Protein chains: 2
Amino acid sequence: MTSMDMNSERPYAGIIERLKEAGLRPTRQRLALARILFDGPDRHVTAEALHSEVMEANIRVSLATVYNTLHQFTRSGLLREVVVDSGRAYFDTNMSDHHHFFDEDNGRLTDIAPDDITLSGVPTLPEGSKLSRVDVVLRVSSADK
Amino acid sequence: MTSMDMNSERPYAGIIERLKEAGLRPTRQRLALARILFDGPDRHVTAEALHSEVMEANIRVSLATVYNTLHQFTRSGLLREVVVDSGRAYFDTNMSDHHHFFDEDNGRLTDIAPDDITLSGVPTLPEGSKLSRVDVVLRVSSADK
DNA sequence: GTGTTTGCAAAGTGTTTGCAATTTA
DNA sequence: TAAATTGCAAACACTTTGCAAACAC
C-alpha cells in the first residue's frame, strides 16, 4: 500500500489541464516532470536533480528536455527561478510572494513566508527603471558534521 | 608615516601595504588589479570585465590570474561576491553592510545604503544552522530604448 | 636560492542549440 | 499530415586546474 493511492486511478488529472492552459502539449516527458514538481508540497529543484529524480522513476527524459521544460514552465508562470548560486540555476514551484533560506553547505533552499520577514522603505529606483522583483536570501551554513 | 597621498608620484602607495597585510605579494598583476579596484569609488566587476579593463591599461594579465586574484582578494576580505546571476560571478569592493539593485537588462549593479531599506523580523533559522549573511536584491529592468 | 605567482592550455561544470527523428493533435 | 517536441551531440559561457617558466624576497 503506497501513499499515492488517491492518485493511482487518474495520475495526471489536473496536470494535463494545467499544461494545456499554459499552451504546452501534455507529452510523456512534461507530464512526468510536472507530476514530480506539482504533485505534493512546493519544491526547489536544479535541472540535474530533477533529471536524476525522473530517471529513478524509470521515465527516460533527456537532460536537454529537462532544461527546456524548466524554462517553458518558468515562461508559463508555473515555476520561478531563484538565484542563489552563481554556478547553477534553481527553480521554485512556489509562485507566491516569499523569500528564502539558502544553506551554502548543502545547497538546500527553504521558503520563508512573507509574514516572517518585513522589508520596508524600498528606495527610489534608478532613473527610468521599473522594479521587477525583490529577492531576500538569508544565507546560512549548516556546519553539520 | 602615513600613506594618505593618492597622487601620481606614488601610484601604489597604500595598495602595497594592503596586499602585504593580506599576505599577498605585491606583484605587477595584483598591483594593477588592486589599483583598478580600490583606487576610487566602490565598484562591481565580473572577471571578464576586469580583465578587459586591465588589458586596456596595457598591462598583460591572464584571465586565469584575474580569476585567481578575485578569489584571493575575496578570501582576504578585500572583496565580496554578490550573487545576482546564475551564470556569472560579480565582485563588490564595498565591504560594508549594504544591498543591491540589479538591472537585468544590462547586468549593472548599484549599491543601496543600509539606511535606505529596512529588514525586520528575521525568522528563526533552521535547526543547527547559523546565519552567514543577508542579501537583498531589487531586480529592475531598465527597458531603456 | 627558495618558495610564490603566473600564463597557458587543457579540463571541468552547467547550460543552450541545431537538427533529424518522433510524437501529438 | 502539419506542427510541436524530443534526444543527441556539438557548441557554449564561465570557471578551475596542472604544471613549467618567471618572479619576489
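We name chains A, B, ... by the order of the sequence lines, and we start the count at 1 in each one. From a predicted model like this one, the values you see are computed outputs, not experimental measurements.
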**Fill in**
dist Arg133(A):CZ -> Glu81(A):CD (nearest 0.5 Å) comes out at 8.5 Å

**Prompt:** Could you state the interatomic distance from CG (Asp39(B)) to OG1 (Thr93(B)), rounded to the nearest 0.5 Å?
**Reply:** 11.0 Å

**Prompt:** Just wondering, are more than 12 heavy atoms of other shown residues or ligands nearer than 6.0 Å to CZ in Arg108(A)?
**Reply:** no

Rounded to the nearest angstrom, tell me the gap between atom [atom1] in [X] and atom [atom2] in [N].
| X | N | atom1 | atom2 | value |
| --- | --- | --- | --- | --- |
| Glu81(A) | dG14(C) | CD | P | 15 Å |
| Gln72(B) | dT17(D) | CD | C1' | 14 Å |
| Glu48(B) | dA13(D) | CD | C1' | 9 Å |
| Phe91(B) | dC14(D) | CZ | P | 14 Å |
| Leu63(B) | dA9(C) | CG | C1' | 13 Å |
| Arg88(A) | dC12(D) | CZ | C1' | 18 Å |
| Leu33(A) | dT5(D) | CG | P | 14 Å |
| Leu24(A) | dA3(D) | CG | C1' | 14 Å |

Flag side-chain contact, heavy atom, 4.5 Å: [X] against [Y]:
| X | Y | value |
| --- | --- | --- |
| Arg30(B) | Ile15(B) | no |
| Phe102(B) | Asp135(A) | no |
| His98(A) | Asp92(A) | yes |

**Message:** If you only use heavy atoms from C-beta on, which nucleotide in dC8(D), dT15(C), dT16(D) is closest to the side chain of Tyr67(B)?
**Reply:** dT16(D)

**Message:** It should be established whether His71(B) places a side-chain nitrogen or oxygen under 4.0 Å from OP1 or OP2 of nucleotide dT16(D).
**Reply:** yes

**Asked** Got a donor-acceptor contact below 3.5 angstrom from the Glu21(A) side chain to the Arg18(A) backbone?
**Response** no

**Request:** Could you please name the partner base of dT6(D), counting Watson-Crick and G-U wobble pairs only when both distances are under 3.5 Å?
**Result:** dA20(C)

Could you list all N or O pairs between the protein and nucleotides 18-25 of chain C that sit under 3.5 Å apart?
from    : atom 1 : to       : atom 2 : distance (Å)
dT24(C) : O2     : Arg25(A) : NH1    : 3.0

**Request:** With DNA chain C as reference, determine whether Ser86(B) or Ser62(B) sits nearer its 5' end, using the nearest nucleotide of each.
**Result:** Ser62(B)

**Asked** Base, sugar-phosphate, or nothing: which does His51(B) touch, judged by heavy atoms less than 4.0 Å apart?
**Response** nothing

